[in-house]
Amino acid sequence: MEAMEELSQLSESIRQAASLLADDDPSDDTAPRRPSTFLNAVVLGNVGSGKSAVLNSLIGHPVLPTGENGATRAPIVVDLQREPGLSTKSIVLQIDSKSQQVSASALRHSLQDRLSKSVSGRGRSDEILLKLRTSTAPPLKLIDLPGLDQRAVDDSMINDYAGHNDAILLVVIPAVQAAEVASSRAIRLAKDIDPDGSRTIGILSKIDQADGDTKTIACVQALLLNKGPKNLPDIEWVALVGQSVAIASAQSGSVGSENSLETAWQAEAETLKSILTGAPHSKLGRVSLVSTIAKQIRKRMKVRLPNLLTGLQGKSQMVQAELARLGESMVQSPEGTRAVALELCREFEDKFLAHITSGEGSGWKIVASFEGKFPDRIKQLPLDRHFDLNNVKRIVLEADGYQPYLISPEKGLRSLIKIVLDMAKEPSRLCVDEVHRVLLDIVNASANATPGLGRYPPFKREVVAIASNALDSFKSDAKKMVVALVDMERAFVPAQHFIRLVQRRMERQRREDEMKNRPSKKGQESEQSVTNRASSPQTKSEQAGGSSKPTKEKPSPDKDTKEGPNLQVAGPAGEITAGYLLKKSAKTNGWSRRWFVLNEKSGKLGYTKKQEERHFRGVITLEECNLEEVDEEEPSKSLKDSKKANGPEKGPSLVFKITNRVAYKTVLKAHSAVVLKAESTADKVEWVNKIKAVIQSKGGSFKAANTEGGPLKQSQTDSSTDAMIRRPADPEEELRWMSQEVRGYVEAVLNSLAANVPKAIVLCQVEKAKEDMLNQLYSSISGQSNAKIEELLQEDHNAKRRREKYQKQSSLLSKLTRQLSIHDNRAAASSYSNDSPEAESPRTPGRPGEDWRSAFDSAANGPAPNIESRSRSADGRRRSENGDPNSSSRRTPNRMPPAPPRY
């Protein structure tokens with residue numbers, strides 16, 4: 001009985017552990033208790049097999065009605081609680097919260113009345129529940145089901161009580177049917193529910209009725225020795241008489257002894273030993289049945305304990321993590337309160353800096369605003385509308401009056417620049433607002449991610465409010481800064497820009513004049529040559545000599561043209577061209593030979609000092625450039641006159657220049673133009689054609705050199721400058737050209753603002769948030785009074801309840817883990833002794849050893865005659881032996897020893 005008490009405590013520990021794993025509170029009595037089925041025992045058997053008598057023996061009192069015609073017509077659940085302080089005859093019936101002491105006979109008659117009124121007895125709707133407290137019963141929940149051969153019993157009822165749980169199955173087989181045990185429905189159902197037989201116990205009842213039948217006794221002993229048919233499941237077997245309780249009750253009614261039950265159980269064991277002489281003594285009687293039930297329960301718990309301990313360990317880790325997140329209770333002192341407040345500020349600072357520096361949370365949105373939204377807003381400014389010719393004309397007229405822009409529209413163009421640049425203020429302000437919103441989101445996210453602030457909602461609100469106020473002031477400073485950047489560009493426009501406008505206009509007019517003068521110059525030269533031929537006749541030999549000499553003097557250009565370019569071509573489609581070019585130095589004004597590589601696919605022209613170098617020293621992006629052929633530098637006037645007198649003029653120029661489309665942008669490094677010179681005419685033609693194709697495909701322009709007449713002399717340029725300035729020009733064409741130049745300047749300024757405004761925002765908002773905002777937070781919290789800090793550090797009631805809950809769970813988890821680990825280790829240590837075969841009682845050598853085998857074989861092939869007659873004689877005696885325990889016709893077993901004198 002002590003073993004059952006220990007198992008009862010272990011079952012309660014397992015129930016509490018299961019409740020904890022299901023996140024229930026085991027200590028909450030109002031909450032529904034999670035049921036534990038380890039201590040449940042479900043009885044299975046046919047009508048008249050003695051199921052109720054077996055349960056009466058376990059209870060120690062004949063409270064369940066018995067009878068051969070199926071006394072149990074509905075499920076009866078008896079919840080037993082052992083109370084050692086009660087006498088062996090006392091039975092306390094628990095109804096709700098009230099207790100009432102009753103007698104076994106009164107309880108049995110009450111059950112008989114209820115069973116007689118039961119209509120169907122199917123399922124839990126007709127279930128009868130009894131809660132009894134006695135000093136004789138083990139703490140089990142016994143479930144007495146109707147006989148399996150009754151119509152009220154089906155598989156669903158059995159599965160409802162015995163399936164998918166840990167209940168022990170008590171299969172009751174009458175001894176006279178031991179030979180037919182393999183075909184028993186109760187055995188088959190138990191095998192279906194419990195295939196491995198780990199929670200099934202076979203009970204051979206009414207052994208006294210088989211006394212004298214040698215084959216039946218042999219079959220019973222074979223089953224107790226774990227022998228029998230091959231298809232029989234490997235389960236534990238126990239033999240009972242089944243009437244010891246009724247006899248003891250009848251005897252104790254007249255004598256009133258407290259030891260009548262123990263004496264009756266001992267007498268039952270002695271009777272079984274005398275009948276089953278070859279059976280193990282540990283499997284005989286009611287005491288052996290209780291021990292076997294305890295053994296099976298322990299095995300079942302042993303199977304469940306490892307998984308349960310693993311779950312408890314995981315739950316314990318989770319609880320400890322939650323307790324760490326909730327933190328310990330606050331120290332109740334002014335110094336402790338202030339220390340907690342500053343520690344919470346430090347935790348918030350760590351989270352905020354992690355969001356800012358690592359891009360965690362919303363930090364990446366700041367970079368996205370700088371690189372995406374703000375540049376897009378700058379590009380979407382309506383420049384086309386403002387630089388429309390009509391709009392430019394209107395602004396210039398409004399600024400300078402009537403037609404002064406024909407000479408110098410500087411004031412109007414300055415006004416246009418200010419108007420367009422003023423539009424950049426709104427995107428800059430929007431960028432400031434967007435960064436401000438992101439910083440506010442980061443503050444809230446950091447506060448929510450700080451575990452300590454979650455415990456104190458008032459303090460969390462105070463921290464967020466202080467940080468938000470600081471960010472508001474930073475936003476105002478940032479807006480002033482970005483507006484000042486735009487105003488700075490609007491206020492000062494370099495004068496060199498307009499000087500260059502005039503210079504470019506003069507250069508353009510000069511070229512136009514040259515193009516107009518070319519046809520007349522050609523006519524004059526041809527007319528002069530005809531006159532010279534007519535006035536100065538020559539001999540044939542002189543003409544031949546004269547004609548052969550120029551041919552000798554000009555071999556190189558023709559030779560170069562015929563030889564072809566000396567360039568290298570590579571790539572699948574020949575898109576890469578490489579060769580040597582002379583690059584003019586801006587510092588020394590000299591030429592340096594460099595290896596150039598052109599990639600027509602990417603539109604890049606790079607160069608190295610030597611051909612074998614792998615890294616370019618400079619790369620020109622051709623899609624932003626224009627190409628122009630230029631004349632070589634002319635020598636001095638005296639040298640030129642001497643060359644003109646002594647020989648022919650020089651060949652075509654080998655120099656070409658690459659410039660940027662926007663006047664103020666550079667082409668390579670800090671150079672606004674790159675001047676290159678080919679080594680031959682063929683090389684120049686090849687280089688110019690390929691570079692021109694790339695530039696023109698990207699929208700660039702190409703200007704050819706003045707190959708016919710050469711550049712104008714400086715004297716001619718100087719003499720014609722005043723004439724070009726004074727020459728009337730087309731006003732609209734001039735204004736269109738100037739507006740394009742101004743637009744290039746405005747675009748360059750806007751690109752500069754797109755790069756500088758984010759720097760100002762980072763300085764005024766992000767960096768200040770990392771430094772000044774946190775400093776303001778610490779100073780503001782430190783400046784609060786102790787009373788104010790205590791008011792702010794009012795812990796949330798939900799957090800306090802959660803901490804108390806997890807503290808209880810942690811304590812209970814430690815206790816349950818310790819208890820279950822002890823039982824698990826004990827079960828592992830005793831597994832060898834528990835699983836060893838028992839051989840307490842030697843077999844009787846005089847009894848035939850093959851009787852049980854022949855009896856089982858006969859039962860398998862068909863019922864033997866002696867068994868049938870024995871069954872019929874046994875059925876005749878059931879009416880008198882299974883009736884009322886107080887009936888005068890009850891007979892005692894043959895081998896029951898006489899009662900002690902004290903009865």
Side-chain angles (χ1 to χ4, degrees), residues 1 3-4 7 39-46 49-60 137-138 140 142-144 167-179 181 184 186-187 190-191 194 197-211 216-228 232-245 261 264-300 834-835 837-841 843 852 893:
M1 197 66 71
M4 291 301 300
L7 291 177
L39 301 181
N40 290 10
V42 182
V43 183
L44 302 177
N46 292 333
S49 60
K51 303 187 304 301
S52 301
V54 170
L55 295 184
N56 283 336
S57 178
L58 286 173
I59 297 171
L140 298 173
L142 306 178
I143 302 170
D144 189 9
I168 301 298
L169 304 180
L170 302 179
V171 181
V172 181
I173 305 293
V176 295
Q177 299 177 10
V181 66
S184 172
I187 290 292
K191 186 176 180 180
D194 181 28
S198 61
R199 57 188 182 102
T200 304
I201 299 175
I203 300 176
L204 298 169
S205 64
K206 304 180 182 180
I207 299 297
D208 54 327
Q209 295 181 8
D211 187 16
T216 301
I217 295 300
C219 290
V220 170
Q221 293 185 143
L223 292 174
L224 295 175
L225 292 170
N226 294 328
K227 298 178 181 179
L232 194 67
D234 186 13
I235 61 176
E236 297 285 341
W237 288 92
V238 179
L240 292 180
V241 173
Q243 299 300 325
S244 58
V245 175
L261 283 177
W265 291 333
Q266 292 176 5
E268 178 187 25
E270 294 298 328
T271 300
L272 292 172
K273 290 177 185 179
S274 61
I275 298 175
L276 305 173
T277 56
H281 294 171
S282 61
K283 297 186 178 183
L284 304 178
R286 186 260 188 189
V287 177
S288 298
L289 176 59
V290 175
S291 299
T292 304
I293 292 174
K295 179 181 176 182
Q296 294 296 89
I297 293 175
R298 191 179 298 277
K299 284 184 179 180
R300 195 68 180 175
N834 290 340
D835 296 338
E838 299 180 5
E840 298 178 3
S841 176
R843 299 179 183 178
W852 63 273

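Numbers here simply count residues along the sequence, with the first being 1. Note that these values count all heavy atoms, side chains included, but never hydrogens, waters or copies made by symmetry.
Annotation: side chain of K283 is in contact with side chain of E236 (closest heavy-atom distance under 4.5 Å). Using a 4.5 Å cut-off on side-chain heavy atoms (C-beta onward), I297 and I293 make contact.
S291 places a side-chain N or O within donor-acceptor distance of the main-chain N or O of V287, the cut-off being under 3.5 Å. Judged by distance alone, the side chain of S49 and the main-chain N or O of I173 form no donor-acceptor pair under 3.5 Å.
Here the closest non-hydrogen pair linking A269 and L284 is CB-O, 4.5 Å. Considering all non-hydrogen atoms of both residues, L276 and A239 come closest at CD1-CB, 3.8 Å. Across all their heavy atoms, V181 and W237 have their closest contact at CG2-CH2, 3.6 Å. Smallest separation of non-hydrogen atoms from V176 and Q209: CG1-O, 4.3 Å. Residue G285 comes nearest to L272 through the heavy atom pair N-CD1, 3.2 Å, listed as atom of the first residue, atom of the second, then distance.
Partners of N40 under the side chain to side chain donor-acceptor pair (under 3.5 Å) rule, at least two apart in sequence or in another chain, do not exist in this structure. With sequence neighbours left out, the side chain to side chain contact (heavy atoms under 4.5 Å, CB included) criterion links D194 to L169, D196, S198, R199, T200.
The distance from the CG atom of L44 to the CG atom of L170 is 8.0 Å, given to the nearest 0.5 Å. Once rounded to the nearest 0.5 Å, the distance linking CG of L58 with CD1 of I203 reads 7.0 Å. Atom CD1 of residue I275 and atom CD1 of residue I217 lie 6.0 Å apart, to the nearest 0.5 angstrom.
A salt bridge between R286 and E268 is absent, with no side-chain N of the basic residue lying under 4.0 Å from a carboxylate O of the acidic one.
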